[in-house]
> 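Pasting a structure below so you can have a look.
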Amino acid sequence: MRSRYTAFTMGERAHIERTYAPEMRTLGNGSGFEPGIEWIKLEILDKVDGGEAADTGIVEFAAHYRLNGRTGVHRERSNFRREDGLWLYVDGTGPSSEANTKVGRNAPCPCGSGLKFKKCCGQ
């Protein structure tokens, strides 16, 4: 999960495509690569299985982003499976994104950190 998030932040489309399950690979073309999107941080909210000996795992996450002066959060509960030692994204459920209006510098950060926006995602 973290390697896929890092690949999104760096625009590494090849890694994203490579880590989709074969039946999902056509979805990777452009997914999450909207021009101008800035991925801010990743929060892992829940994890089921996915240990060293597991063949499947579930990760629930919130990926915070900024686009056109607005912040937003992409939340998803993703299913992964291991094939030939590589974790592959199978599918996910949940609301695709929650776009927020422009946040004031002194407002609480929409990422839920408890900090002011200017001291967190607004830097």
> Could you check if a side-chain atom of D49 sits within less than 4.5 angstrom of a side-chain atom of I58, using non-hydrogen atoms only?
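D49 does not reach I58 side chain to side chain.
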> Mind checking whether W87 and F80 have ring centres under 6.0 Å apart?
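Ring centres of F80 and W87 not closer than 6.0 Å.
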> Show your working on side chain to side chain contact (heavy atoms under 4.5 Å, CB included) between H64 and L42 and close with a plain yes or no.
CA-CA 6 Å; H64 301 264; L42 174 68; over 6 Å; no
> Hey, what do you get for CZ (R18) to CG (L86), rounding to the nearest 0.5 Å?
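Answer rounded to 0.5 Å: 7.5 Å.
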> Which heavy atom of I16 sits nearest to which heavy atom of A7, and what is that distance?
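What the structure gives for the nearest pair is CD1-CB, 3.6 Å.
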> When rounded to the nearest 0.5 angstrom, what distance separates CD1 in I40 from CG in L67?
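These two atoms lie 10.0 Å from each other.
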> Could you tell me which residues satisfy salt bridge (charged side-chain N to carboxylate O under 4.0 Å, His left out) with D84, sequence neighbours excluded, listed by chain and number?
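Listed in chain order: nothing, the list is empty.
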> Under 3.5 Å, is there a donor on one side chain and an acceptor on the other for T93 and R77?
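Side chains of T93 and R77: no pair found under 3.5 Å.
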> Under 4.5 Å between side-chain heavy atoms, hopping through other hydrophobics if needed: is there a path connecting F8 to M24?
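Hydrophobic grouping puts F8 with M24.
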> Any chance you could measure E38, atom CD, to T71, atom OG1, to the nearest 0.5 Å?
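If we round to the nearest 0.5 Å, E38:CD and T71:OG1 are 11.0 Å apart.
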> Do R4 and Y20 form a cation-pi contact, if we require the NZ or CZ to be under 6.0 Å from the six-membered ring centre and within 45 degrees of the ring's axis?
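Yes, cation above the ring, under 6.0 Å and within 45°.
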> Under a 4.5 Å cut-off applied to non-hydrogen side-chain atoms, are Y89 and E76 in contact?
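Yes, side chains in contact.
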> Are the side chains of P22 and L88 in contact, using a 4.5 Å heavy-atom criterion?
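Result yes, sub-4.5 Å side-chain heavy-atom pair found.
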> Please list, chain by chain and in numerical order, all residues satisfying salt bridge (charged side-chain N to carboxylate O under 4.0 Å, His left out) with R81, sequence neighbours excluded.
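By the salt bridge (charged side-chain N to carboxylate O under 4.0 Å, His left out) rule, R81 matches E23, E83.
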> How about H15 and S3: does a side-chain donor come under 3.5 Å of a side-chain acceptor?
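Their side chains do contain a donor-acceptor pair, which is all the 3.5 Å distance test asks for.
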> Tell me the closest heavy-atom pair linking A62 and V73, and the distance in Å.
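That would be CB-CG1, 3.7 Å.
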> Can you classify the ring geometry of H74 versus F61 as parallel (below 30°), tilted (30 to 60°) or perpendicular (above 60°)?
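Plane angle between 30° and 60°, so tilted.
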> Under the side chain to side chain contact (heavy atoms under 4.5 Å, CB included) criterion, do I44 and V59 qualify, and how do the steps go?
CA-CA 7 Å; I44 303 298; V59 177; 3.8 Å; yes
> Please check if the number of heavy atoms outside D46 that lie under 6.0 Å from its CG is greater than 12.
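More than 12 heavy atoms, drawn from other residues, nucleotides or ligands, come within 6.0 Å of this atom.
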> Is it the case that the side chain of Y5 and the backbone of K41 share a donor-acceptor pair, with hydrogens and angles ignored and the cut-off at 3.5 Å?
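Here the side-chain-to-backbone pair exists.
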